[in-house]
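Take this structure first; my questions come after.
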There are 2 protein chains.
Amino acid sequence: MWMSESIGCLAAKLSNYVQLTERDHAHLDILERETQTYQRHQEIVSAGEDLKYLYIVKEGWAYSYVDTRDGRRQIVKLHMPGDLIGFESLPSASVACSVRAASTLVLCPFVPTALNIIFSKAQRLAAILFAMSCRDQEMMVSRLRAIGRMDARERLIQMLLDTINQMRLTEPEISQPLVIPLSQTEIGDYVGLTNVHVSKTLIRLEREGLIARSDGYRVEIVNESAMERIVDYENNHRALDTSWFPEY
Amino acid sequence: MWMSESIGCLAAKLSNYVQLTERDHAHLDILERETQTYQRHQEIVSAGEDLKYLYIVKEGWAYSYVDTRDGRRQIVKLHMPGDLIGFESLPSASVACSVRAASTLVLCPFVPTALNIIFSKAQRLAAILFAMSCRDQEMMVSRLRAIGRMDARERLIQMLLDTINQMRLTEPEISQPLVIPLSQTEIGDYVGLTNVHVSKTLIRLEREGLIARSDGYRVEIVNESAMERIVDYENNHRALDTSWFPEY
DNA sequence: CGATTAGTTGATTAACTTCAAGTCCAGTGG
DNA sequence: CCACTGGACTTGAAGTTAATCAACTAATCG
């Protein structure tokens with residue numbers, strides 16, 4: 001655990017959207033004071049526990065997931081640097097989704113009561129957090145559409161586009177091929193398919209010339225616009241509307 | 001359009017969770033000042049439009065949905081009295097989900113800039129709204145699990161349990177049989193199935209003695225605990241943890 | 001070097017969709 | 001009052017998609 005000298009990860013992501021004041025930065029620093037490192041596949045919290053911490057992703061990827069008793073798993077969200085983890089657990093104070101490291105991972109844990117200060121002393125920041133929570137909902141809508149109404153090929157295309165666009169948030173000129181630290185079983189758990197069918201469908205996408213793969217893990221999105229047309233894609237990650245934010 | 005004398009619908013629902021102050025009530029009244037009535041199946045907003053209003057449901061049911069160009073539809077949420085509509089559209093200021101009346105419906109529209117006042121003058125209420133948004137996410141997690149990893153029978157069971165528990169929020173001792181103002185096509189769009197398969201599966205649930213149906217629209221949940229066991233159900237709609245709320 | 005994990009492949013099976021026909025209304029107009 | 005219409009639901013047959021099962025390959029790691 002150490003003080004971060006550089007700008008925080010959440011602050012970095014948020015400043016893509018809004019102009020942050022000194023005061024905002026000061027409050028955000030409170031949230032990003034502590035860090036904790038995890039290994040790939042390490043379980044960070046398990047569903048059902050009492051909620052102790054919320055997290056900001058500093059480095060690496062994590063994912064939230066839910067299980068059924070008989071072993072089926074659904075991955076709910078991917079978390080990349082600057083993302084917030086655990087807000088769906090806030091209302092009931094018990095963990096709604098288990099969280100696991102998808103790669104080597106650095107998180108900044110903070111206690112929910114830290115929000116107290118933000119709501120009372122930094123209302124504009126509170127509004128920003130609210131907006132991020134709403135944006136999460138927007139992404140869940142798109143995932144629901146994909147899983148509920150798309151076939152395997154479309155689901156994987158949607159996932160790849162979501163992923164690259166989420167990566168671009170922290171690295172706008174991202175270089176291909178992408179390294180996606182998820183096994184095909186995990187990809188299947190994300191899009192609601194089996195690992196076998198993911199394998200077959202990725203091979204199909206490769207034959208169609210939409211993607212290229214190398215080394216087993218690297219994926220290149222070869223024909224992004226064709227893929228966007230197939231799933232009628234729209235990128236959610238645009239600027240924030242701040243017209244309803246409070247002034248200081 | 002008329003002033004409401006009685007307690008607002010949102011206020012009524014929130015007071016199931018938290019003790020609202022005079023001040024909270026005053027601010028909530030601002031949001032519930034106007035009302036607008038719609039007929040069953042009437043379109044209230046369409047995806048892609050500029051966001052003009054957020055809504056609170058006063059009476060009746062609505063649902064949010066998304067379409068694909070080729071006509072597939074996914075219903076995202078059901079909205080019942082006291083629910084908030086449209087928060088997923090807030091970040092981008094453009095409507096993310098179309099909204100339609102499922103029954104005769106009364107809504108209270110309010111402009112997003114009204115949130116400005118709540119965040120700056122009623123921080124505790126802002127925290128409550130934030131908590132409601134997080135709770136929405138929690139429900140989306142459960143829907144994602146259902147649609148991504150359950151078969152038709154389990155999905156319908158999950159939907160029925162979600163529905164009755166959501167109804168209990170405003171009417172704790174709800175009387176069966178329930179009247180669910182959704183066609184089987186709409187139910188299918190909600191759970192990611194065709195109307196044909198919904199029909200067959202409901203008949204199966206009826207034969208199994210889990211539900212009973214009458215009049216075409218009425219559904220009775222005959223064996224709720226058995227249904228809860230089948231889908232490993234847990235009811236999200238419990239008390240709110242308010243320990244992180246700001247004081248006034 | 002065996003042991004484990006991730007991915008691929010093919011055969012079989014199960015679940016769900018599609019298509020098409022038919023029933024049972026409630027509403028409409030002659 | 002009755003024929004006509006359209007919507008919602010049901011039913012059965014046929015077709016498709018994805019799951020399951022099982023065997024095999026390649027890579028990694030002690």
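A note on names: the letters A, B, ... follow the listed sequences, proteins ahead of strands, and every chain is numbered from 1.
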_If you compare every side-chain N and O of B:Thr194 against the phosphate oxygens of C:dT17 (OP1, OP2), does one of them come in below 4.0 Å?_
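Result: yes.
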
_Axial cation check for B:Tyr65 ring with B:Arg73, 6.0 Å and 45° limits_ =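 Flagged: B:Arg73 positioned over aromatic ring of B:Tyr65.
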
*Quick one: which residue pairs count as a salt bridge (charged side-chain N to carboxylate O under 4.0 Å, His left out) with a foot in residues 171-184 of chain B, not counting sequence neighbours?*
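Qualifying pairs, neighbours excluded: none.
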
*Whole angstrom is fine here: how far is it from CG in A:Asp151 over to C1' in C:dA15?*
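So the CG-C1' distance, A:Asp151 to C:dA15, works out to 16 Å.
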
*Euclidean distance, atom CG of residue A:Leu193 to atom P of D:dT20 [Å, nearest integer]*: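 Nearest whole value for this atom pair: 11 Å.
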
*Separation of C:dC16 P from B:Arg153 CZ (nearest whole Å)*: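 Checked: the CZ to P distance equals 11 Å.
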
*Partners passing side-chain hydrogen bond (donor to acceptor under 3.5 Å, both in side chains) against A:Glu208 (at least two apart in sequence or in another chain)*: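 Partners of A:Glu208 by the side-chain hydrogen bond (donor to acceptor under 3.5 Å, both in side chains) criterion, ordered by chain and then number, come out as A:Arg153.
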
*State, yes or no, whether a side-chain contact exists between A:Asp189 and B:Arg149 at a heavy-atom distance under 4.5 Å.*
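Yes, close enough: below the 4.5 Å cut-off.
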
*Rounded to the Å, how far apart are B:Arg40 CZ and C:dA26 P?*
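Value for this atom pair: 14 Å.
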
*Report yes or no: is the cationic atom of A:Arg155 (NZ for Lys, CZ for Arg) under 6.0 Å from the centre of the six-membered ring of A:Tyr190, at an angle within 45° of the ring normal?*
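No cation-pi geometry.
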
_If the helix axis at each end comes from five base pairs, how far does the helix from C:dC1-D:dG30 to C:dG30-D:dC1 deviate from straight, to 10°?_
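So the angle between the two local helix axes works out to 30°.
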
*Once you round it to whole Å, what is the distance between C1' of D:dT17 and NE2 of B:His197?*
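Nearest whole value for this atom pair: 13 Å.
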
*Could you pull out all residues at least two apart from B:Thr37 that satisfy side-chain hydrogen bond (donor to acceptor under 3.5 Å, both in side chains)?*
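Applying side-chain hydrogen bond (donor to acceptor under 3.5 Å, both in side chains) to B:Thr37 gives none.
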
*Nearest 0.5 Å please: distance from the CG atom of A:Leu182 over to the CD1 atom of A:Ile187.*
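Going from CG on A:Leu182 over to CD1 on A:Ile187, the span is 5.5 Å.
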
*Select base, sugar-phosphate, or nothing to describe what A:Gly188 touches, counting heavy atoms under 4.0 Å on all strands.*
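Nothing, no heavy atom under 4.0 Å.
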
*Can B:Arg168 and B:Glu224 be counted as an ion pair, charged N to O under 4.0 angstrom?*
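The answer is yes: the pair qualifies as a salt bridge.
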
*side-chain hydrogen bond (donor to acceptor under 3.5 Å, both in side chains) partners for A:Glu154, two or more places apart*: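 Expected list: B:Arg72.
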
*asked:* Could you tell me how far apart A:Met150 (CE) and D:dA18 (C1') are, to the nearest whole angstrom?
replied: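 Spelled out: CE on A:Met150 to C1' on D:dA18 is 17 Å.
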
*Heavy-atom protein contacts under 4.0 Å, nucleotides 7-12 of chain C, coded B base, S sugar-phosphate only, - none*: SSBBB-

*Please state how far atom CZ in B:Arg218 lies from atom C1' in D:dC9, giving the value in whole angstrom units.*
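Roughly 17 Å, once rounded to whole Å.
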
*Rounded to the nearest Å, what distance is computed from the CG atom of residue B:Asp215 to the C1' atom of nucleotide C:dC24?*
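My rounded result for the distance is 14 Å.
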
